[in-house]
Peer 1: 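If you scroll down you'll find the structure; I have some questions about it.
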Amino acid sequence: MAVIEGRIVAGARDLGSGFCIADRVIATAAHVVGRRTAADLSFVTASGIRFEVERVQVEPTIDAAVLWLPRSLAYEPPVGHAHQQADWQVTARPEPAAVQLSGTVTAVDHLMTNTGGHEMTVLQLEVRQELKDFGGYSGGAVVMNSVVVGILVEQVEERVVAAAGVPVRAANVLYAVPISRVLKKFRLGDRALSRQPALPAHRLVDTAYFDMDTVKSAILAVIDGRADRSLAFGLPDVDMKVVDNLAAWLPSYIGQVAPKSQFAMRAEIGSMDAWERYVTRYLPDLDRRNVICPVLVDGVDTELVAELWKRIRTACTHGRQRLIIFFVGRPSAGFPDGIDQLPSPSVRHQDIAEWAQLVVTARRWPRSLAGPWTAQIVEQSSLDDRLDLRMTYETLEHYFDLLRTEPDDLRRHLEELETSC
């Protein structure tokens, strides 16, 4: 379960392969996207879920592009460096009957000029399958030992002169852009890259990547739209599990994060000067990493919250990274100006259904198992005919543990559920 893959489509036209590289980001080749806008494109997963595209970034100098989705795919694959003579595979295929590509990495720093005229350093891949044309495979994830190492971008033509009217065939050599170049070019967080075989980091079984789409979208909109290095978000009516999950999710977008302990604005346990010192002692960390600090403000006078945030912003004038304060709870008269109130997090039946489909597809289990599994999760997570966020987390954590430790037993359980339906 190393990659969530799918097809990049424009209307009914299949353009090429794509795969999830971050929570709501699809990577592909630039020439697959071409000059199309977000409104022209969709991403369709192998399990048939269609995602509209919110925005597109194309970088022709490395023949790579990323599509930003408005909803979460609940996933982030392990990424790493390729090494010479290692085995690789591309599991994405232009159609179900097409062959799966595999072979050997023959160079990790091959210099070539791509079809757009840009010089770039690529992975050179020898292919075992003799297809003579690799159309439709572009944009697929090149995987080595369950780790994504590159994006397939170009085929090499045979060095022969074709007869009139006969196209030149592709040789058994493909090029791929290293995934490290893609992460750096599109600033997709500070991801650890390994040169050694690694087990996949299954973000599909991590509640930090599961839900809260509206909350995450609001946070990213503020980060993208502000030059400020210090940001404050108001989170009413949540418990600390939500804050912990946001802190675990954010590194995919802003790089390395140092989450700090929460503290409460209570007169009996502190003063304004003490609260200010509690936060500003973290400012030296901002030269090296982003800092996230939760502050509990339920029932606190709104003017006090405003004063604390004013003092923090005044003190936070240096540092290369971001300071993000989550004000958790409801101040007496609501959040003051300068603090962006986030929507209340929630989980939908559709979120669970799509997650279950992604898991069974990634596990290569029968897709029919997703339906009864979704029904059981909903039943176990409902309170007063609605999905309760904490109960949903607890239910999912139970299944996450089974997926990690006893996947065969879980599959048998789901098959029994399907039979009893």
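Note that the coordinates shown come from a computational prediction; the quantities given were computed from them, not determined experimentally. Numbers here are sequence positions counted from 1.
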Peer 1: Measure the spacing between CD1 of Ile21 and CG of Leu67 and express it to the nearest 0.5 Å.
Peer 2: 12.5 Å
Peer 1: Pairing donors with acceptors under 3.5 angstrom, does anything connect the side chains of Asn245 and Tyr393?
Peer 2: yes
Peer 1: Restricting to ring pair (Phe, Tyr, Trp, His ring centres under 6.0 Å), what partner residues turn up for Phe335, sequence neighbours left out?
Peer 2: none
Peer 1: Please report the C-alpha distance between Asp337 and Lys310 in whole Å, then the side-chain angles of each, then the deciding distance to 0.1 Å, and finally whether the salt bridge (Lys or Arg N to Asp or Glu O under 4.0 Å) criterion is met.
Peer 2: CA-CA 10 Å; Asp337 293 342; Lys310 177 182 176 182; over 6 Å; no
Peer 1: Check whether Trp309 reaches the backbone of Ala232 with its side chain - one donor and one acceptor, N or O, closer than 3.5 Å.
Peer 2: no
Peer 1: Do the side chains of Val297 and Val328 get nearer than 4.5 Å, heavy atoms only?
Peer 2: no
Peer 1: Phe263 versus Pro294: any side-chain heavy-atom pair under 4.5 Å?
Peer 2: no
Peer 1: Quick one: pull up CD1 in Ile292 and CD in Gln262 and give me the separation to the nearest 0.5 Å.
Peer 2: 14.0 Å
Peer 1: Under 3.5 Å, is there a donor on one side chain and an acceptor on the other for His413 and Gln376?
Peer 2: yes
Peer 1: Please evaluate residues Ile62 and Lys185 with respect to the criterion side chain to side chain contact (heavy atoms under 4.5 Å, CB included), reporting the C-alpha separation (whole Å), side-chain torsions for both, the decisive distance (0.1 Å), and the verdict.
Peer 2: CA-CA 9 Å; Ile62 60 170; Lys185 182 65 71 172; 4.0 Å; yes
Peer 1: Which residue pairs pass the salt bridge (Lys or Arg N to Asp or Glu O under 4.0 Å) test when at least one of the two sits in residues 277-290, sequence neighbours left out?
Peer 2: Lys260-Asp285, Asp285-Arg288
Peer 1: Going by distance alone, is a donor N or O of one side chain under 3.5 Å from an acceptor N or O of the other, for Thr106 and Gln124?
Peer 2: yes
Peer 1: Please list all pairs meeting ring pair (Phe, Tyr, Trp, His ring centres under 6.0 Å) that have one or both residues in residues 13-34, counting only residues at least two apart or in different chains.
Peer 2: none
Peer 1: Looking only at atom types and distance, does a side-chain atom of Thr113 sit under 3.5 Å from a main-chain N or O of Gly117, one as donor and one as acceptor?
Peer 2: no
Peer 1: When you compare the side chains of Glu418 and Ser368, does any donor N or O come within less than 3.5 Å of an acceptor on the partner?
Peer 2: yes
Peer 1: Salt bridge between Asp401 and Arg404, side-chain N to carboxylate O under 4.0 Å?
Peer 2: no
Peer 1: Distance-only check: which donor-acceptor pairs under 3.5 Å involve side-chain atoms of residues 92-101, not counting sequence neighbours?
Peer 2:
{"from": "Arg93", "atom 1": "NH1", "to": "Pro96", "atom 2": "O", "distance (Å)": "3.3"}
{"from": "Arg93", "atom 1": "NH1", "to": "Ala98", "atom 2": "O", "distance (Å)": "3.3"}
{"from": "Gln100", "atom 1": "NE2", "to": "Gln89", "atom 2": "OE1", "distance (Å)": "2.9"}

Peer 1: Please test Leu383 against Met391 for side chain to side chain contact (heavy atoms under 4.5 Å, CB included), starting from the C-alpha separation and ending with a verdict.
Peer 2: CA-CA 8 Å; Leu383 185 66; Met391 291 176 65; 3.9 Å; yes
Peer 1: Is Asp340 salt-bridged to Arg226, going by a charged N under 4.0 Å from an acidic O?
Peer 2: yes
Peer 1: Regarding Glu354 and Arg71, does a basic nitrogen lie under 4.0 Å from an acidic carboxylate oxygen?
Peer 2: yes
Peer 1: Determine whether the aromatic ring centres of residues Trp355 and Trp373 are separated by less than 6.0 angstrom.
Peer 2: yes
Peer 1: Determine whether Leu125 and Val142 satisfy the following criterion, side chain to side chain contact (heavy atoms under 4.5 Å, CB included), listing intermediate values before the conclusion.
Peer 2: CA-CA 10 Å; Leu125 311 174; Val142 180; 4.0 Å; yes
Peer 1: Less than 4.5 Å apart, any side-chain heavy atom of Leu231 and any of Ile325?
Peer 2: no
Peer 1: Please determine whether the number of non-hydrogen atoms from other residues, nucleotides or ligands lying under 6.0 Å from atom CD of Gln85 exceeds 12.
Peer 2: yes
Peer 1: Taking side chain as C-beta onward, heavy atoms only, is Val66 less than 4.5 Å from Ile26?
Peer 2: no
Peer 1: Show the numbers, then the answer: is there a side chain to side chain contact (heavy atoms under 4.5 Å, CB included) between Ser180 and His81?
Peer 2: CA-CA 7 Å; Ser180 58; His81 295 288; 4.0 Å; yes
Peer 1: Distance only, no hydrogens: is a donor on one side chain within 3.5 Å (strictly under) of an acceptor on the other, for Gln129 and Ser102?
Peer 2: yes
Peer 1: Any idea which heavy atoms bring Phe326 and Leu250 closest together, and the distance?
Peer 2: CZ-CD1, 4.3 Å
Peer 1: Scan residues 3-23 for pairs that pass salt bridge (Lys or Arg N to Asp or Glu O under 4.0 Å), counting only residues two or more places apart or in two chains.
Peer 2: Arg7-Asp14, Asp23-Lys216
Peer 1: May I have all residue pairs that pass salt bridge (Lys or Arg N to Asp or Glu O under 4.0 Å) and include part of residues 231-247, sequence neighbours excluded?
Peer 2: Asp237-Arg330, Asp239-Arg390, Lys241-Glu397
